[in-house]
Number of protein chains: 2
Amino acid sequence: MPTRRRLANAIRALSMDAVQAANSGHPGMPMGMADAATALFSDHLKFDPADPYWPDRDRFVLSAGHGSMLIYSLLYLTGYEQPTIEDIKNFRSLQSPCAGHPENFMLPGVETTTGPLGQGLATAVGMAIAERHLNAHYGSDLVNHHTYVIAGDGCLMEGINHEAVGLAGHLGLGRLIVLWDDNQITIDGPTDLSRTEDVMARHKAMGWQVLECDGMRPQSVSDAIEEAKGSHKPSLIRCKTIIGYGAPTKQGTAATHGAPLGEEEIAAAREALGWDAPPFEIPEEELQAWRAMGEKGAAARKAWHERVEASPKGRELLNRLSGALDHDWLEPLVEKLISDAPKVATRKASEIALDAINAVNPSTIGGSADLTGSNNTKAGGIQPLDANNYGGRYIYYGIREFGMASAMNGMALHGGVLPYGGTFLVFSDYSRGAIRLGALQGAKAIHVMTHDSIGLGEDGPTHQPIEHLQSLRAMPGLTVYRPCDAVETAECWADAMKQSGPSLIALSRQGLPAMRTEKAEGNLSAKGAYRLKAAGAERRVILIATGSEVHVAMEVAEKLEAEGIGADVISMVSTDKFDAQSAAYRGDILPDVSNKEILRVSIEAGTTFGWERYTGIHGMNFGIDRFGASAPAPDLFEKFGLTSEAITPKILERLNND
Amino acid sequence: MPTRRRLANAIRALSMDAVQAANSGHPGMPMGMADAATALFSDHLKFDPADPYWPDRDRFVLSAGHGSMLIYSLLYLTGYEQPTIEDIKNFRSLQSPCAGHPENFMLPGVETTTGPLGQGLATAVGMAIAERHLNAHYGSDLVNHHTYVIAGDGCLMEGINHEAVGLAGHLGLGRLIVLWDDNQITIDGPTDLSRTEDVMARHKAMGWQVLECDGMRPQSVSDAIEEAKGSHKPSLIRCKTIIGYGAPTKQGTAATHGAPLGEEEIAAAREALGWDAPPFEIPEEELQAWRAMGEKGAAARKAWHERVEASPKGRELLNRLSGALDHDWLEPLVEKLISDAPKVATRKASEIALDAINAVNPSTIGGSADLTGSNNTKAGGIQPLDANNYGGRYIYYGIREFGMASAMNGMALHGGVLPYGGTFLVFSDYSRGAIRLGALQGAKAIHVMTHDSIGLGEDGPTHQPIEHLQSLRAMPGLTVYRPCDAVETAECWADAMKQSGPSLIALSRQGLPAMRTEKAEGNLSAKGAYRLKAAGAERRVILIATGSEVHVAMEVAEKLEAEGIGADVISMVSTDKFDAQSAAYRGDILPDVSNKEILRVSIEAGTTFGWERYTGIHGMNFGIDRFGASAPAPDLFEKFGLTSEAITPKILERLNND
């Protein structure tokens, strides 16, 4: 039986060889943490390469994602179907699933896409929350796993670390275990170039258990993990390591961090490590030992399946893990809203929708970054999820927008829960990194973003989104909705719940009149845009508006019709969804712009940037291309010319001049 | 002489009355921190209401910006010209400079715009850095002031707090003193709903001095500040306070945080506080005491001016504080670059420009969020600024993008320095909140954002910007540049240095051929867009490209011309700058799109979203509307169809079909 150090050297060899072959990458971290990872995989991690998605597996998150060769090596060595050795030889090329940073959508076995520092750990917090929550509902027989993280100094220096560590400490996530690769090196050089901090004391202050080990000795690491597993607090294990361990002249320096070691250094490293196998070849004995480690997990998985089968709650759990949701709440709610026609803020409408959703969907977990009463996110009688009640369904995230969004990603990736969380739209700037990483991974979380324009009024320009809607619409993989009334809000929630990835619903602070007062066929908002009102007189204008400006567009249309000018009103609930409709549908809603007989006009209380896509250059764009101001909302709409009184004459003038 | 408690009650009365009159706002914080603020202003703060911008004043930052009535009260009471009592009566309305959150561009005396939590403190870190830096160069006779911050629990929970506290601790900014309003309340309720943290221990672990005081007793606060001033570490003073102090039934609860107290509660508070003056009236005795406090500062200011006059370095300091910069480096550099025509990455070109800039502009302070070698930001032989050498000009910010950008805002607002700092463009998602707050304030900082597209290659989609350029261009007040070669890069730097607000320069990782090989009149990039190549044959196509795609456009043009089709190539260095040009200039570069004889084509390795503004709907947009991939850059340009071989036939096909 080879020593664990020998097994770890297999990781070192694959890592330095793959980076060399790709002529780019990060060998230092995998070589430094190879022993620690070997200890984790050999002695603790519950996993089964034959079924990477087995629900009760432990989660392993490589937060320091640049060290991707560590996880690729581990997956290959333990016998996952992917990556193959060919994949590793083609590290960082188009034909390989071994991307520069680990992508969960390319490789089963990668639990979450990492790379943007700090987010892996913050995502792991969400996974650990989901585990405790499901455990509370289904018991330890069915849900009982750990979440392990390897994090570097970058992950610990990023601001999001404070939010993630704070949240984990507050929730007492004892099953979260972080191995800190304490190699004293960052890209720019020694950590003391930029950091003077007692990392352990900080974590202790945040409610964590802190442990130390020799990261270069597998037994030392394994013992520390064993101790961590016994704690009711999340654990930080400081692994003292040497970056690039094995590379004789470069180890311990930033030179090993992000560049190939070079042929000569690699040869010398082989010698130093006593590793004489050629590149990409793992000696039979070591490979067998690794594979045997991988095969150990099958028994636990099989036993779990038997327990699920035997449990009265087993089927329900599997159903939840499949992501099944109840959508039947929509129709009766819409019917009621159409008949009641309430004049409410769409954030309030969102609460009404959530009352209905949460009542019939036990898998939702709501929350807010300390704006519960403003985001209207606590609905349907759900109770707090906290260290004393993991079964609760509402998280007081605190003033941690980024941490919240990352935790939501983690919960979504864990499965079995549908997370949603609220903040003000302008603070999407704080959580944007996580919204994007969720979009890249198709992590199904719903971002509830209220106070979505100058309509929030007195809080002023720091709180008023201007460029946010458009800049979020420009993000791939994210579906952005901006409903105009209570009916559309319910429809947006229903559609968001059907997406395979994340959504963002932008909601007003201010009350809005009911626009949808007649029964319609199906979910109109799901089409992205639809004709709310057809021109009465001959159509000369198409008004395209969203959210709180739809009723303004309706008023403008009324005024135009009074002048004998026909005007359609299009409610553009989601440009993402509209762009995905058939050409025929899009052409019906927005006929070819070369038809200059018809003037297209956009109205949205945000930047006009990008609206030319729908209006053409010769259309008109009403919006706000500067920062807002502090005043009551009606004064602001007047100041920025976003009233029917201001807009209508400008359209008339244009029509008269054309 | 009224007691300080009496003086503090003047703040309480103004705050509750103004919020009530506005029918919105946050009375709780000003009422809780009134005693502490009174202690700070009466015993410590060096300020002169007669000259709010006096350079050696202490800086006071209300990081908990929602408590804006605290600072408005202080400015009014101590005798600043603004706000007047009328302004306070009109709190949160269009006619008043007393906005919902404090705006430095509306009120002298407000050092920085605050509201987005955590950023005020992080900005103050930059101010404190600038102070120490200038002190190192000009001595304590000329530069010698403190930076005081009032921060709430939100400011301390936000992720940026970790970065700001870490940076301040590392740099040993002993003149930074933070008063923590420890009122145990956040919007959602008691802090223990979301936080389990020993705040003091955390700060201690980060290298801070931590002190405690009774925040409701001015002398206790004043003593703590006195102690803090003696430390070589930044200080956190925990002020135990009662939110909404004075409101008999609501104090100590979240009910006082963000809503008017109501007439009845205000009447009861008046009674409880022994304050019988009517709303917005300050009894003569109290007003006189406050005004006397304001008048004390004139002597220090006068003495400083005398010292400046007498000092051999005084004139130089004043010149620096005026923001004067040397721009003469540009012309010879451009001349050399035109003659050398180097094929370099624009990040390298940026280093070349910085070599020239830093050599003649002593006020630049560079840095990077741990990507110094990748961002090419350490140039011109500048030395590190650290706790042992505040006179240095390069900051190793560590892995703290958001903290870096906020610190840059603070340095810019302090004056006397021009900060620039680097990270990867994709990580603008991390620092976006600070970029925006800088844009709102016109804080002149230059964001150096390298690795600006899929051209970064193997690091893959987590690191490849797609929507970033457009989403940053959509932000008001920020000038975004994307140069195509070394000459344009120098021009962008020169133009950025002439802006009154922040700029962002997007730079390539990969080498780019020289495009500008002929001498031109003036700074062409400063126009935002210009004709790099005029059509040879009759013009039928206008190719609009930016940065690393300009040379692709040139190749496309060459291929089109070979087919007898004339094509202009427009280098769109900055849409922000181009949009601000005269209609005549814009019309020359991009003739009216209704001229369908001319096809407009955009090429940019990012989202196509928004490019219709320049191409019209019937133009063509080449870009990437999905996430990137991990592979060598040339493979990616091929995969995403951003080569002249892929683009040219599509243009020809369109021309043939039209």
Side-chain angles (χ1 to χ4, degrees), chain A residues 24 92-94 99-101 115-117 154 157-160 162-163 169-170 186-188 193-198 201-202 205-207 370 372 396 398-399 402 429-430 432-433 436 440 458-462 466-467 470-471 474-476 593 607 609-610 612-613 616-617 626-627 630-631 635, chain B residues 24 92-94 99-101 115-117 154 157-160 162-163 169-170 186-188 193-198 201-202 205-207 370 372 396 398-399 402 429-430 432-433 436 440 458-462 466-467 470-471 474-476 593 607 609-610 612-613 616-617 626-627 630-631 635:
Chain A
S24 82
R92 294 185 153 233
S93 76
L94 275 181
H101 292 81
L117 293 175
M157 284 175 86
E158 289 285 1
I160 190 174
H162 176 48
E163 302 186 14
H170 176 68
T186 72
I187 293 176
D188 276 357
L193 268 184
S194 56
R195 188 176 67 189
T196 308
E197 177 193 337
D198 182 339
R202 173 169 68 90
M206 309 289 283
D370 198 43
T372 295
Y396 289 108
I399 299 114
F402 197 0
D429 281 350
Y430 278 37
R432 194 173 169 95
R436 185 177 208 260
L440 177 58
E458 293 88 344
D459 272 348
T462 52
I466 295 293
E467 70 280 17
Q470 291 291 56
S471 73
M475 188 182 286
V593 79
T607 182
F609 183 85
E612 292 89 353
R613 171 165 289 186
I617 294 177
R626 46 156 286 184
F627 289 107
S630 169
D635 295 357
Chain B
S24 83
R92 294 186 153 233
S93 76
L94 275 181
H101 291 82
L117 293 175
M157 284 176 85
E158 288 285 2
I160 191 173
H162 176 48
E163 303 186 15
H170 176 68
T186 72
I187 293 175
D188 276 355
L193 267 185
S194 57
R195 189 174 67 188
T196 309
E197 177 193 336
D198 182 339
R202 173 169 67 92
M206 310 287 285
D370 198 44
T372 295
Y396 289 108
I399 300 115
F402 198 0
D429 282 348
Y430 277 38
R432 196 173 167 95
R436 185 176 208 258
L440 176 60
E458 294 87 346
D459 272 347
T462 52
I466 295 292
E467 70 280 18
Q470 291 291 56
S471 73
M475 189 183 283
V593 78
T607 183
F609 183 85
E612 292 91 351
R613 173 165 288 186
I617 293 177
R626 44 155 289 184
F627 288 107
S630 169
D635 295 356

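For the numbers below, each heavy atom of this structure counts, side chains included, while hydrogens, waters and symmetry mates do not. Note on naming: letters A, B, ... go to the chains in the order of the sequence lines (proteins, then strands), and numbering restarts at 1 for each one.
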Requested in this report: Just give me the residue among R195(B), R613(B), R202(B) that pairs up with chain A most often, heavy atom to heavy atom, under 4.5 Å.
Outcome: R613(B)

Query - Flag side-chain contact, heavy atom, 4.5 Å: H170(A) against Y396(A) - result: no

Query raised in the report: If you take all heavy atoms of Q470(B) and T607(B), which pair is closest and at what distance?
Result: CG-CG2, 3.6 Å

Report task. Please state whether the side chain, the backbone, both or neither of R626(A) comes within less than 4.5 Å of a heavy atom of chain B. Result -> backbone

Report summary line: Pair count under 4.5 Å, heavy atoms only, with chain A: among A99(B), A205(B), G610(B), highest is A205(B)

Query raised in the report: Between D635(A) and E458(A), does a side chain to side chain contact (heavy atoms under 4.5 Å, CB included) hold up when you go through it step by step?
Result: CA-CA 10 Å; D635(A) 295 357; E458(A) 293 88 344; over 6 Å; no

Report task. Without swapping roles, check the side chain of D459(B) against the backbone of G100(A) for a donor-acceptor pair under 3.5 Å. Result -> no

Query raised in the report: What part of T186(B) lies closer than 4.5 angstrom to a heavy atom of chain A: side chain, backbone, both or neither?
Result: both

Query raised in the report: Residues in side-chain hydrogen bond (donor to acceptor under 3.5 Å, both in side chains) with T462(B), at least two apart?
Result: none

Query raised in the report: So which heavy atom on G433(A) is nearest to which on F402(A), and how close?
Result: C-CE1, 3.9 Å

Report summary line: From the list M157(A), R92(A), E197(A), M206(A), the residue making the most non-hydrogen contacts under 4.5 Å with chain B is R92(A)

Query raised in the report: With only heavy atoms counted, which part of Y430(A) is less than 4.5 Å from chain B, the side chain, the backbone, both or neither?
Result: side chain

Report summary line: Bottom line for F627(B): the part with an atom under 4.5 Å from chain A's heavy atoms is both

Query raised in the report: Given the options M475(A), H101(A), E163(A), which has more heavy-atom pairs under 4.5 Å with chain B than any of the others?
Result: H101(A)

Query - Top contributor to chain B interface from I160(A), T196(A), D370(A) [non-hydrogen pairs under 4.5 Å] - result: D370(A)

Query raised in the report: Within a strict 4.5 Å, meaning less than it, do heavy atoms of the P476(A) and E467(B) side chains meet?
Result: yes

Report task. Using the test salt bridge (charged side-chain N to carboxylate O under 4.0 Å, His left out), find all partners of D429(B) that sit at least two apart in sequence or belong to another chain. Result -> R432(A)

**Report entry** Greatest number of heavy atom pairs closer than 4.5 Å to chain B - which of G169(A), S24(A), P116(A)
**Finding:** P116(A)

Query raised in the report: If you count heavy-atom pairs under 4.5 Å between each of G115(A), A201(A), A631(A), G154(A) and chain B, which one has the most?
Result: A631(A)

